[in-house]
Participant: 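Structure in structure tokens, see below.
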Number of protein chains: 2
Amino acid sequence: MSVAFDQILLVPGYRKVAAIIAERILSRELREGERLPSETELARQFGVNRSTVREALRELESGGLLERRPGSKLMTVSRPQHRAVAKDVSRALALHDVTFFEVWEALTQLEPPMAEIAARNRSQADLDSLTVVCQRFAEQNTETEKAVHHAAEFFRCVGRATHNQVLGLAQEPLLHLLGPSLRVMIDKVPQARARIAAAQRRMLEAIAKQDAEAARGWMAKHIRDFRKGYEVADIALDCRIA
Amino acid sequence: MSVAFDQILLVPGYRKVAAIIAERILSRELREGERLPSETELARQFGVNRSTVREALRELESGGLLERRPGSKLMTVSRPQHRAVAKDVSRALALHDVTFFEVWEALTQLEPPMAEIAARNRSQADLDSLTVVCQRFAEQNTETEKAVHHAAEFFRCVGRATHNQVLGLAQEPLLHLLGPSLRVMIDKVPQARARIAAAQRRMLEAIAKQDAEAARGWMAKHIRDFRKGYEVADIALDCRIA
DNA sequence: GCTGGCCGGATTGTCGGACAATCATACGAT
DNA sequence: ATCGTATGATTGTCCGACAATCCGGCCAGC
């Protein structure tokens, strides 16, 4: 008869401190923008050394729960921005040998519905920023880096136009991977830039007219074109993203 | 005439150290499972104090790039697990006042295609674990916590069955939010548990037969039922998730 | 040969104290 | 009111230290 023992886990202090502070933030006892007590004060309150507090703060900082305004050393409570947390996610995916195909397949499933919802829910402000980004891609697409950046930015705008934060955040890791994916292809496919610009214009028009069906359709075609780009450039789809 | 200066940024040492180590991991110079040099050794190599190194390590640890095997103090390089990075994401969403509607809408868009792809790509092993989880929900659904957990686990299995890591990871934040979303509803809707169990059985059958269309359809119905649950429980969809 | 116990060295977690650089803020000068 | 300036607070980094624990190898015993 074997008695099962639970694994005893001695949680290090810095982790406990981090957990307690995180809980306070999530329960909104500490509100956004509010500044945290100084490290010395926290150390006094928790009854631990300042070094321990600092390690806890690093953990919270990289989780996005704390930030400091640029040029300031004061730590304030913050609502993690999407880009911040998405960076970890895309790093994780990169280490998991994600292939071009996986990114493409995810785009195929995720983006057309997003375009559809964006067409329905977009505000005038969304339309304005979409217009700006679309124009920006049309004008500055010779530099590879800028082209890639603006292409991703267009998707990001569509995501914001859905007014659904969950969808916006779900696509963020994809957009991080879109960069490397596009970068290796776009310069090998002469017509790629024109295709993307055209697709963006069509989508913009559809979203402007709040024609959800058309927006979805053009987005789907845009993504299909993306795949064709790989075939033209002769890049294997089961190749992992750098 | 005002000359624009770029903001000069003095990056603290612990951040530089973390960035350098992260780069080494992402470039695969440090491979998975490999153990990191000791803190003292790292401090010597970087020419900084051990405290500085430790702060950097906390950053990498919470980003999932380092981990220690349970019961061990040695830090090893790790490929971040999906659950780990998704926790930050769902925390972020919780702080951004995500509503039930947003979660539901995201489920609506994301899950049916996932079921479809899972039906096409599932392996025998996927089928086995789906069967286990489905059975587990059917048997242990009286405890609210277990029911919620097993419901999310079913989605997770479907995600794995797609054999697309990007899709699997994209839905992970959703599953974290599914917990709180289900928890407030399931006990107010008597038929909820039976409905979920039935939907899981149908999906399982469809995925077993590799009937993509049916899998998608049942999943869509499952998600629609989810929404009906809110109406029956009389919970406002624009209510933010606790 | 394998099992199990034992020991020394290595490593981590935590502590205390220290100091320069920078920031916040209030005060005073123009 | 705007601009320096002084003062205190805060952070980033460093040093040194120590207990607890883990790792790895050695050794006895079967």
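Worth knowing before you read on, the calculation uses all heavy atoms, side chains too, and leaves out hydrogens, waters and symmetry mates. The chains referred to below are lettered A, B, ... by the order of the sequence lines, with proteins before strands, and numbering in each begins at 1.
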Participant: Strictly below 4.0 Å: does Tyr14(B) bring a side-chain N or O up to OP1 or OP2 of dT13(D)?
Facilitator: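 No, because none of the side-chain N or O atoms of Tyr14(B) sits under 4.0 Å from OP1 or OP2 of dT13(D).
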
Participant: Counting side-chain heavy atoms from CB outward, which of dT11(C), dG12(D), dG13(C) is closest to Ser38(B)?
Facilitator: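 For the Ser38(B) side chain, the nearest candidate turns out to be dT11(C).
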
Participant: Could you tell me the separation between the CD atom of Glu55(A) and the C1' atom of dT11(D), rounded to a whole number of Å?
Facilitator: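 Answer to the nearest Å: 16 Å.
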
Participant: Is it true that Arg15(B) and Glu55(B) make a salt bridge, defined as a side-chain N closer than 4.0 Å to a carboxylate O?
Facilitator: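 The answer is no: the pair does not qualify as a salt bridge.
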
Participant: Phosphate oxygens OP1/OP2 of dC15(D): is one of them under 4.0 Å from a side-chain N or O of Asn49(B)?
Facilitator: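 Yes, Asn49(B) has a side-chain N/O under 4.0 Å of OP1/OP2 on dC15(D).
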
Participant: Where along residues 16-24 of chain A does a heavy atom fall under 4.0 Å from DNA chain C?
Facilitator: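 Within this stretch, nothing sits under 4.0 Å of the strand.
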
Participant: Please determine if Arg193(B) and Asp187(B) form a salt bridge, counting it only when a charged side-chain N lies under 4.0 Å from a carboxylate O.
Facilitator: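 Here Arg193(B) pairs with Asp187(B) in a salt bridge, since their nearest N and O are under 4.0 Å apart.
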
Participant: Between Glu172(A) and Lys87(A), is the closest basic N to carboxylate O distance under 4.0 Å?
Facilitator: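 A salt bridge is absent here (no side-chain N lies under 4.0 Å from a carboxylate O).
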
Participant: Rounded to whole angstroms, how far apart are CD on Glu41(B) and C1' on dT12(C)?
Facilitator: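 In whole Å, dT12(C) C1' and Glu41(B) CD are 15 Å from each other.
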
Participant: What nucleotide among dT11(D), dC15(D), dG13(C) has an atom nearest to a side-chain atom of Ser51(B)?
Facilitator: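 The closest nucleotide is dC15(D).
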
Participant: Verify the distance criterion only: is there a donor paired with an acceptor across the side chains of Thr131(B) and Asp128(B) at less than 3.5 Å?
Facilitator: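 Asp128(B) and Thr131(B) do not have a side-chain donor-acceptor pair below 3.5 Å.
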
Participant: Could you measure the distance from the CD atom of Gln200(A) to the NE2 atom of His150(A)? Nearest 0.5 Å is fine.
Facilitator: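 Separation between the atoms: 10.0 Å.
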
Participant: Between dC15(C) atom C1' and Phe46(A) atom CZ, what is the distance in whole Å?
Facilitator: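 One finds 17 Å between C1' of dC15(C) and CZ of Phe46(A), rounded.
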
Participant: Main chain of His96(A), side chain of Gln165(B): is a donor-acceptor contact present, judged purely on distance under 3.5 Å?
Facilitator: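 Checked: pair present.
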
Participant: By nearest nucleotide on DNA chain C, pick out whichever of Gly47(A) and Pro37(B) is the more 5' one.
Facilitator: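 On the 5' side of the pair lies Pro37(B).
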
Participant: Rounded to whole Å, how long is the line connecting atom CZ of Arg15(A) with atom C1' of dG13(C)?
Facilitator: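 So the two atoms are 12 Å apart, to the nearest Å.
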
Participant: Side-chain N or O of Thr52(A) versus OP1/OP2 of dC15(C): is the shortest distance under 4.0 Å?
Facilitator: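 Indeed, a polar side-chain atom of Thr52(A) lies that close.
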
Participant: If you compare every side-chain N and O of Arg54(A) against the phosphate oxygens of dG12(D) (OP1, OP2), does one of them come in below 4.0 Å?
Facilitator: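 Yes, within the criterion.
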
Participant: Nearest-Å distance, CD (Glu39(A)) to C1' (dA9(D))?
Facilitator: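 Roughly 12 Å, once rounded to whole Å.
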
Participant: Any donor-acceptor pair under 3.5 Å joining the side chain of Arg50(B) to the base of dT14(C)?
Facilitator: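 Such a pair exists between side chain and base.
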
Participant: Can you tell me the distance, in whole Å, between the CD atom of Glu59(A) and the C1' atom of dG13(C)?
Facilitator: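 Interatomic distance, CD of Glu59(A) to C1' of dG13(C): 14 Å.
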
Participant: Starting at atom CD of Glu61(B), determine the distance to atom C1' of dG13(C), rounded to an integer number of angstrom.
Facilitator: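 Atom-to-atom, Glu61(B) to dG13(C), this comes out as 12 Å.
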
Participant: Measure from CZ on Arg44(B) to P on dC15(D) and round the result to the nearest Å.
Facilitator: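 These atoms are roughly 14 Å apart.
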
Participant: Distance from Leu127(A) atom CG to Arg122(A) atom CZ, nearest 0.5 Å?
Facilitator: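 Here the interatomic distance stands at 4.5 Å.
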
